[in-house]
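Below, each value reflects all heavy atoms present in this structure, side chains not excepted, and no hydrogens, waters or symmetry copies. Below, chains carry the letters A, B, ... as their sequence lines are ordered, and counting in each starts from 1.
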Amino acid sequence: MSFWIKIKNGIAANLSKILNKEVFAKELVLTPNQEMGDLGWPIFALAKELGRNPAELAKEIAKKYPTENNIKAKATGPYLNFVINKKYLAKNIIKEIEEQKEKYGHNENLKNKKIMVEFAHPNPFKSFHIGHLRNILLGESIVRVLEAQGAKVIRTNYQGDIGMHIAKCLWSFQKIDSKDYPTTTDLKVALLGKCYAEGSQAFENIPEAQAEIKEINKKIYSGEDEKIKNLWTLGKNWSLEKFHEIYQRVYSHFDCEYMESEMITDCREYIKQAEVKGILEKSDGAIVFKGEKHGLETRVFLNSEGLPTYEGKELALAYREFSDFGKIDLCIHNVAVEQKSFFAATFKVEELLDEKRFKGKQYHNAYEFVGLKKGKMSSRLGNVILGNDILNEAKENIKKIIAEKNNSLGDDKIEIIAVAAVKYAFLKISAFKYLAFDMEESINLSGNSGPYILYTYARIQSIFKKIINHKTLIINTDFEKLSDTREFSLIKKLAIYSEIIEAATKNYDPSEIAKYIYELAQMLNDYYHAIPILQADEETKNARLALLNSISQVIKNGLGLLGIEVVEEM
RNA sequence: GCGCCCGUAGCUCAACUGGAUAGAGCGUCUGGCUUCGGACCAGAAGGUUGCGGGUUCAAGUCCUGCCGAGCGCACCA
């Protein structure tokens with residue numbers, strides 16, 4: 001348990017004793033400013049319950065509060081506020097960070113929990129676009145946040161390698177002579193994209209083509225046509241090759257990559273079981289789930305041509321996911337909000353099918369959609385923004401800035417900064433907010449941005465480089481020397497870090513962490529400008545270095561949870 | 001038409017899940033490198049939180065009615 005939580009628990013325990021009534025630590029709020037103290041407890045509710053005037057009651061409780069040296073109670077109007085001794089907090093927090101280092105802020109709330117996070121979900125034969133990018137960045141961060149709370153996390157990715165979109169692509173792709181196949185990954189996926197666009201156009205405009213495409217789709221499902229099967233395998237491998245490049249580029253990996261095509265056989269058995277149990281029923285030649293009696297919509301599981309739909313295949317996936325890695329406590333499906341009714345229905349069917357296995361263990365993390373600020377994105381029309389294009393664009397912009405400064409920086413570092421810029425731009429916005437993407441505006445390199453935070457971090461490292469053996473100085477720090485109010489604000493900010501991780505877990509929303517690190521970086525930059533570090537007398541300097549060391553550790557930890565790497569210089 | 005989500009500064013977003021004076025960035029204007037890194041910092045302008053009603057000590061946050069946008073409404077994934 002973090003030192004900060006201990007302080008809050010201690011105050012809550014004291015209040016509980018005085019009032020003979022349970023007071024919870026989470027009722028304590030941060031004060032808006034330093035003069036009011038550090039933590040506050042609004043006592044309106046209690047005053048009302050006792051029929052008392054809140055301000056008078058606050059004074060009375062403050063008087064009864066035990067007089068400790070380190071935490072003092074005082075009444076501020078209808079709030080009971082607590083003042084924490086600065087040196088006491090500084091010493092303990094800095095010590096805690098020094099000891100726990102990259103584990104600082106972590107907890108064991110999810111110890112012994114096995115959680116599967118299913119994310120990324122690109123479709124082979126189609127492009128990895130901006131929506132997939134938001135998905136993978138969010139998913140990767142959620143995984144890290146859960147791990148920081150002690151959970152054992154299994155990373156999975158479910159990729160749609162079957163269906164009409166592929167049939168449309170292959171319809172056009174089969175006409176290309178293998179001698180004309182491109183050699184680079186980028187050209188290969190570009191070709192698949194072009195074929196898909198052509199196939200889609202043909203499907204809409206040419207009746208014969210439509211029939212041919214439907215035929216190809218059936219052949220893909222049956223796997224009996226060698227030629228189609230080979231083309232399908234080839235195209236899929238091209239796509240996966242590209243996807244893996246991207247996963248690596250954003251520091252993601254998966255314990256298991258499920259393919260939709262792997263589900264088409266097994267799912268028939270589960271659909272049949274569900275039909276026998278009366279969960280699914282026949283309707284117009286299809287087998288459907290009539291969700292209305294559960295307040296849901298009707299969804300098709302097996303279509304009238306006898307092919308399993310996405311819903312049908314989901315049943316087989318669920319059984320795989322809940323058995324391949326032993327018993328799991330929770331499966332988080334990181335999928336955009338548009339699939340909400342799809343998941344509501346499939347979760348219900350799974351629950352009715354096998355309550356013990358699935359009930360309460362499936363969760364759809366319905367994050368919001370990414371769209372374009374200008375125009376509409378459509379892979380059919382070819383105006384999609386690719387995940388890689390965004391990263392490349394950010395990289396070019398960073399190169400430009402470096403060139404303007406006449407600096408030089410290795411490509412590996414520029415890449416890290418570019419990835420940081422893009423990741424931060426996506427993750428700083430709440431996952432539950434529609435993201436209107438605009439290339440120029442969305443990837444900031446200054447202000448509230450990834451590079452700003454990396455710059456702040458690099459700046460601290462730069463100070464350390466000027467000191468020899470600064471780490472050994474921290475042990476004997478005189479914390480009394482940290483007397484500036486900015487220093488205390490920084491220490492308090494460091495103290496609450498563990499609570500931020502908990503907040504990010506509650507809604508599976510890493511934007512809490514992004515916001516926190518930004519504020520911390522901002523406070524540091526202000527401090528950096530106002531207070532000299534290296535010019536201070538020896539003891540003060542050491543105390544300030546100890547503080548800087550803690551700040552840089554927390555920035556690094558927080559960025560780590562967002563899936564962002566740091567650079568020592570930039 | 002029904003269901004879900006949303007509406008906060010010119011733009012993009014915060015507001016610790018009902019608490020104290022609604023805050024940041026971008027953009028605009030002003031100032032700051034002879035000082036630990038100017039991808040920085042300080043300051044200014046910018047708000048009837050879409051509109052109306054309600055709940056209570058307290059509402060951007062909760063309930064309700066409008067207005068507006070997005071997503072979803074069975075054989076795509």
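Taking atom P in both B:G3 and B:C40, the straight-line distance is 48 Å, to the nearest Å. Annotation: B:G72 and B:G54 have their C1' atoms spaced 31 Å apart (nearest Å). Spacing between B:A20 and B:C57 at atom C1', rounded to whole Å, works out to 13 Å. B:G23 and B:G47 have their C1' atoms separated by 12 Å, with the value rounded to a whole Å.
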What does the list of N/O pairs under 3.5 Å between the protein and nucleotides 25-30 of chain B look like, with a distance for each?
from	atom 1	to	atom 2	distance (Å)
B:G25	O2'	A:Asn448	N	3.3

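OP1 or OP2 of B:G23 has not a single side-chain nitrogen or oxygen of A:Lys515 nearer than 4.0 Å.
Residue-level contact check: A:Ser511 touches neither bases nor backbone, having no heavy atom under 4.0 Å from any strand. Using a 4.0 Å heavy-atom criterion, one finds that A:Leu548 contacts no nucleic acid atom at all. As judged by a 4.0 angstrom heavy-atom cut-off over every strand, A:Gln535 is placed among the base-contacting residues.
We find that the ring of A:Phe44 and the base of B:G19 stack, their centres lying under 5.5 angstrom apart and their planes tilted less than 30°.
In this structure, A:Phe342 has its ring center under 6.0 Å from that of A:Tyr310.
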Report summary line: Under a 4.0 Å heavy-atom criterion, the protein footprint on nucleotides 72-77 of chain B, written with B, S and -, is SSBBSB
